[in-house]
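Heads up, the thing below is written out as structure tokens.
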Protein chains: 2
Amino acid sequence: MARSASLPEPWASVGDQLRARGQRWTRQRDAVVGVLSRTQGHITGAELLARCRQVDASVVPSTVYRTLAALEELGLVRHGHGASGREEFHVGADTEHGHLHCDSCGRQWEIGKEKADAIAALFQADGFQVDRSHVTIVGRCRDCLRARKD
Amino acid sequence: MARSASLPEPWASVGDQLRARGQRWTRQRDAVVGVLSRTQGHITGAELLARCRQVDASVVPSTVYRTLAALEELGLVRHGHGASGREEFHVGADTEHGHLHCDSCGRQWEIGKEKADAIAALFQADGFQVDRSHVTIVGRCRDCLRARKD
DNA sequence: ATTAATGCAAACGGTTTGCACTACT
DNA sequence: AGTAGTGCAAACCGTTTGCATTAAT
């Protein structure tokens, strides 16, 4: 299959990277990568599947999950856990981030490096090495606190 | 059904608390509460189910989950999320705690109040109110770091 | 031609539901 | 007697698997 269409790096070269490992570049993987390239931060497997289907109705769950596994081996995504308990994939150049999740409105924000480091530092004394990409902090965002003071 | 057998508070009075709300005290709920009273920290629904079955083989999933919902309304348990992504129930007088989870050996430790507060403080400036009982930090514990330096 | 990847369908695990039945109050 | 709670079975959701088929190399 042809090289993936003019996507920003690191996505443009995914096909080549896969081939270099004896793996293959397919129409379905192109669809998955296309969606991921337009995703900032994080996405669940189910969400990714749904969005891929809009692009290419033939994409099935197994393909999405197998492709995610392949991309994870390339270091292009990392899996972590969202507040809902669902598995989540961190996407983008900076996959090393956690999430701030509002319990009320469901919106999410990434946790910046400084704060992730601050959290990691808290547990360093215990000899515990924090995986920054797995940090999920749940609570109420400013807007929701203002909206309903219950 | 009879009052629950000499359990430490707050479990001993669960039956009365339920009845006061027009709800009922049953053999199955006694089994669930019995297990919870012997649980420190946290437990998943599935785990709780398994342990209840050892006590009373007739306990079925729906009963466990419905009972957990009832107990949550009484404030005796709170649900949060474990590192595996599974729903987890925080048990005990101090339900306000997060978890430190070792990715490698699977062991968990509670996060103390001071550290939970420190984490909450990090996001206070953003106007974000952290739910301390939902905090789960994943990484590698001291022992596993020592064991395999990969 | 080789063999990685796909599509399907079935199975998984944990959880939730509808409903007739049981048993607490 | 009234009705909350139960047990069952089926459905749910997201994810994973086996296997025959397709298609990238």
Side-chain angles (χ1 to χ4, degrees), chain A residues 1-4 13-33 42-53 55-74 77 79-89 106, chain B residues 1-4 13-33 42-53 55-74 77 79-89 106:
Chain A
M1 173 163 184
R3 161 174 278 94
S4 124
S13 61
V14 175
D16 292 336
Q17 288 183 248
L18 287 171
R19 279 186 281 254
R21 310 174 109 229
Q23 295 173 262
R24 294 167 187 182
W25 182 238
T26 66
R27 189 161 62 82
Q28 295 81 352
R29 292 188 166 183
D30 187 49
V32 172
V33 164
H42 42 78
I43 191 170
T44 64
E47 237 169 69
L48 179 54
L49 170 62
R51 294 212 223 158
C52 285
R53 276 199 200 278
V55 177
D56 182 338
S58 79
V59 177
V60 294
S62 42
T63 295
V64 169
Y65 290 106
R66 286 188 280 228
T67 298
L68 279 168
L71 294 177
E72 191 156 17
E73 275 182 27
L74 296 181
V77 303
H79 75 282
H81 315 98
S84 65
R86 296 270 151 255
E87 198 120 22
E88 237 172 38
F89 292 85
Chain B
M1 175 166 184
R3 160 174 279 93
S4 123
S13 61
V14 174
D16 293 336
Q17 289 182 249
L18 287 171
R19 278 187 281 253
R21 311 174 107 228
Q23 295 174 264
R24 293 168 187 181
W25 183 238
T26 65
R27 189 162 62 83
Q28 294 81 351
R29 292 188 167 183
D30 187 49
V32 172
V33 164
H42 42 78
I43 191 169
T44 64
E47 238 169 68
L48 179 54
L49 170 61
R51 294 212 223 157
C52 285
R53 277 200 200 275
V55 177
D56 181 339
S58 79
V59 177
V60 294
S62 41
T63 295
V64 168
Y65 289 106
R66 286 189 280 228
T67 299
L68 279 169
L71 294 177
E72 191 155 17
E73 275 182 27
L74 295 182
V77 303
H79 74 282
H81 315 98
S84 65
R86 295 271 150 256
E87 198 120 22
E88 235 172 39
F89 292 84

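Chain letters run A, B, ... following the sequence lines, proteins first, then strands; residues in each count from 1.
The backbone N or O of B:V59 lies less than 3.5 Å from no partner atom in the side chain of B:T63, so there is not a single donor-acceptor pair.
Using a cutoff of 4.0 Å between basic side-chain nitrogens and carboxylate oxygens, A:R19 and A:D16 are scored as salt-bridged.
In this structure, the CZ atom of B:R51 is 17 Å from the C1' atom of C:dG14, given to the nearest Å. Atom C1' of nucleotide D:dC13 and atom CD of A:E47 are separated by 14 Å, given to the nearest angstrom. Whole-Å rounding puts the A:D30 CG to C:dA4 C1' distance at 17 Å. In this entry the distance linking CG of A:L49 with C1' of D:dT16 reads 13 Å, nearest Å. The CZ atom of B:F89 sits 11 Å away from the C1' atom of C:dG14 (whole-angstrom rounding).
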Pairing string, 5' to 3', for DNA chain C - Watson-Crick or wobble contacts under 3.5 Å, brackets [ ] where pairs cross, | to another strand: |||||||||||||||||||||||||
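Side-chain contact between B:L68 and B:F89 is present, with at least one heavy-atom pair separated by less than 4.5 Å. With contacts defined as side-chain heavy-atom distances shorter than 4.5 Å, the pair A:R21/A:Q17 does not qualify. Side-chain contact between A:D56 and A:D30: absent, with no pair of heavy atoms (C-beta onward) separated by less than 4.5 Å.
Note that CG of A:L71 and CG of A:L18 are 6.5 Å apart. Values are rounded to the nearest 0.5 Å.
Shown here for A:R66 and A:R29, the closest heavy-atom pair between the two residues is O-NH2, 4.5 Å. For the residue pair A:A31 and A:V55, the shortest heavy atom distance occurs at CB-CG1, 4.5 Å.
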Contact pattern, 5' to 3', of nucleotides 3-11 of chain D - B, S or - by protein heavy atom under 4.0 Å: BBSBBB---
